[in-house]
Protein chains: 4
Amino acid sequence: MVNRVILIGNLGRDPEVRRLENGAVVAKFSIATNENYRDKSGEWQSLTEWHDIVMWRSLAERAEGQLKKGMPVYVEGKLTHRTWEDQDGNKRKTTEVVANYFRSLASRRDGEGNNSYFPSADDEYPGGGFSSSSVESDNSSSEAPVSSDAADDDLPF
Amino acid sequence: MVNRVILIGNLGRDPEVRRLENGAVVAKFSIATNENYRDKSGEWQSLTEWHDIVMWRSLAERAEGQLKKGMPVYVEGKLTHRTWEDQDGNKRKTTEVVANYFRSLASRRDGEGNNSYFPSADDEYPGGGFSSSSVESDNSSSEAPVSSDAADDDLPF
Amino acid sequence: MVNRVILIGNLGRDPEVRRLENGAVVAKFSIATNENYRDKSGEWQSLTEWHDIVMWRSLAERAEGQLKKGMPVYVEGKLTHRTWEDQDGNKRKTTEVVANYFRSLASRRDGEGNNSYFPSADDEYPGGGFSSSSVESDNSSSEAPVSSDAADDDLPF
Amino acid sequence: MVNRVILIGNLGRDPEVRRLENGAVVAKFSIATNENYRDKSGEWQSLTEWHDIVMWRSLAERAEGQLKKGMPVYVEGKLTHRTWEDQDGNKRKTTEVVANYFRSLASRRDGEGNNSYFPSADDEYPGGGFSSSSVESDNSSSEAPVSSDAADDDLPF
DNA sequence: TTTT
DNA sequence: TTTT
């Protein structure tokens with residue numbers, strides 16, 4: 001059955017990447033989608049939805065290298081729901097978009113000469129300068145051909 | 001920003017329709033999407049996700065007339081999240097797909113001469129026979145042109 | 001870059017399946033999408049678009065077994081364009097949707113006891129009766145788990 | 001019936017905008033989607049598809065103000081096909097994506113202090129500097145709330 | 001005719 | 001928690 005989600009939004013934080021015991025890699029982060037609309041009185045209102053994104057394996061590796069807090073990103077995936085118990089024994093429900101494709105929408109120019117995506121006065125990135133591996137992998141990865149379409153089809157027809 | 005969900009699944013129950021004080025109409029129901037996959041040992045496994053669907057206004061009216069428990073349906077909408085407090089004061093989160101389009105995938109033949117979509121021994125539909133308004137509206141609605149594409153564009157170009 | 005097409009329509013003919021010299025299998029067919037709208041004078045008008053669909057490999061094999069003229073089908077793919085020369089040396093352009101997923105929307109009940117999808121007085125299916133292999137494969141295929149989601153992800157997370 | 005196209009690509013030229021006698025506005029342009037894949041010998045290959053996009057009314061006006069040659073853009077629409085006769089009386093077929101939504105993916109920083117989207121040595125934009133109206137409308141439009149979601153729903157639920 |  |  002068909003279950004597809006398509007989102008374009010901005011990362012609220014850097015992806016959180018974990019290596020599991022069995023060798024699997026998983027990346028998690030949230031993205032915000034914003035919608036502007038006029039209310040009854042004609043005023044512009046803004047509405048933000050935060051979506052939890054999960055990526056596995058090579059997608060997770062690529063997310064770790066390419067995505068940073070604040071960046072705009074295109075995400076495709078499916079809608080999944082899990083129930084679990086919190087520490088108080090309450091049943092909780094979590095909804096996540098498990099991605100099968102993503103594409104950074106940051107222009108290559110963004111972040112040049114800087115290790116954060118959106119440089120600002122209250123820059124919260126502690127380290128700096130040259131040897132930031134995330135910046136390096138970001139650059140290198142955006143120079144290599146993007147193999148991301150391989151998910152749906154790896155032959156050109 | 002882009003926020004799109006596309007689902008094809010089956011209704012778990014008849015839509016629950018409410019008329020609000022302000023005249024608005026809202027329909028709610030869940031649909032199940034099923035996925036089959038082979039696990040590591042090569043066994044076929046089945047995975048079901050239940051998605052909460054919300055429809056407003058004319059969509060809700062049309063859902064009330066056309067959709068019934070068990071029916072396959074195509075739904076397009078956007079992913080929304082709400083937080084609320086349950087009776088114990090615990091913060092709960094709800095995720096819903098707010099639809100902007102749907103289309104029944106039941107063939108016209110289904111349900112003919114019967115007021116339930118999937119007739120069965122343990123038929124739970126109390127009334128029966130001819131004068132069921134839901135059957136009537138279902139039939140008539142599938143004979144009339146479907147105005148549902150009007151949502152995205154109501155001119156043919 | 002993102003290139004996605006999603007269609008729900010009916011097959012104009014049975015899929016045309018070819019086995020190429022190199023062993024590849026390809027299936028081609030057209031599907032019609034219909035749109036109803038009100039024109040300026042308030043009259044209901046109907047608009048039909050015919051889309052050329054191409055499927056390769058296991059999709060093509062599955063199409064051959066499951067899809068028949070008239071059936072409703074959900075198709076996902078990408079938009080491709082080719083130019084070629086006709087016999088008069090004129091440059092011609094062809095646009096095709098190369099599918100990476102499809103799902104028959106015919107209910108299992110449809111076509112029961114009949115080897116055509118829409119039985120009718122002017123039935124054009126020559127053979128008949130029981131041993132039609134297309135009917136058999138159609139039935140059996142709808143009983144087996146659909147592996148079609150394997151395209152985007154073959155693990156249940 | 002469902003007929004959806006989703007594309008992310010780059011404009012090959014500035015949109016071509018026409019005002020028709022009846023007051024309607026239409027914008028046309030092509031966007032390229034690129035796909036990279038490894039061929040059998042392991043070499044990276046690149047494949048480009050050019051898609052013809054058509055926008056009407058307010059979408060066309062917004063395209064005129066916001067989109068320029070080279071820009072990345074997200075486009076949603078439907079697949080349409082037209083046949084016509086060229087000057088030699090040959091029947092020709094044209095496929096177009098009629099958009100019902102678009103969103104520029106250019107970052108606001110791009111093109112600052114410049115009247116072209118991608119400044120380059122062989123810059124083909126003749127005028128320059130400050131008073132370029134296209135830059136002005138581009139800037140102003142990106143500061144105003146984007147009303148683009150109004151197409152599918154203009155209320156926040 | 002674009003871009004990475 | 002993001003962005004425009």
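By convention in this document, chain letters (A, B, ...) are assigned in the order of the sequence lines, proteins followed by strands, and residues within each chain are numbered from 1.
Each of F:dT2, F:dT1, E:dT3 was ranked by its minimum atom distance to the side chain of A:R13; first place goes to F:dT1. When distances run from any side-chain atom of A:S30 to the nucleotides F:dT2, F:dT1, E:dT1, the shortest one goes to F:dT1. Considering only the side chain of D:A32, E:dT2 comes nearest among F:dT1, E:dT1, E:dT2.
Summarising the geometry, the separation between CG on D:L7 and C1' on E:dT2 is reported as 13 Å, rounded to the nearest angstrom. Atom CG of A:L47 is separated from atom P of F:dT3 by 18 Å (rounded to the nearest Å). Rounding to whole angstrom units, OH of residue D:Y74 and C1' of E:dT2 are separated by 20 Å. Rounded to a whole Å, the NZ atom of D:K68 is 15 Å from the P atom of E:dT2. Atom CD in D:Q66 sits about 11 Å away from atom C1' in F:dT4, given to the nearest Å. Atom P of nucleotide E:dT4 and atom CG of D:L105 are separated by 13 Å, given to the nearest angstrom. Taking atom CD of A:E35 as the reference point, atom P of F:dT4 lies 18 Å away to the nearest angstrom. Rounded to an integer number of Å, the gap from CE of A:M71 to C1' of F:dT1 is 16 Å.
Among the heavy atoms of the strands lying under 4.0 Å from A:T48 is at least one base atom, whether or not backbone atoms are also near.
Counting non-hydrogen atoms of other residues, nucleotides and ligands closer than 6.0 Å to CD of D:E16 gives a total of 12 or fewer.
The aromatic ring of A:W50 does not sit over the base of F:dT2; the criterion of centres under 5.5 Å apart with planes under 30° is not met.
Under the salt bridge (Lys or Arg N to Asp or Glu O under 4.0 Å) criterion, D:R18 pairs with no residue, sequence neighbours left out. When the side chain to side chain donor-acceptor pair (under 3.5 Å) test is applied to A:D52, the partners found at least two apart in sequence or on another chain are A:S30.
Residue A:D14 is tested with A:K28, A:K69, A:K68 for a salt bridge (charged side-chain N to carboxylate O under 4.0 Å, His left out); the sole match is A:K68.
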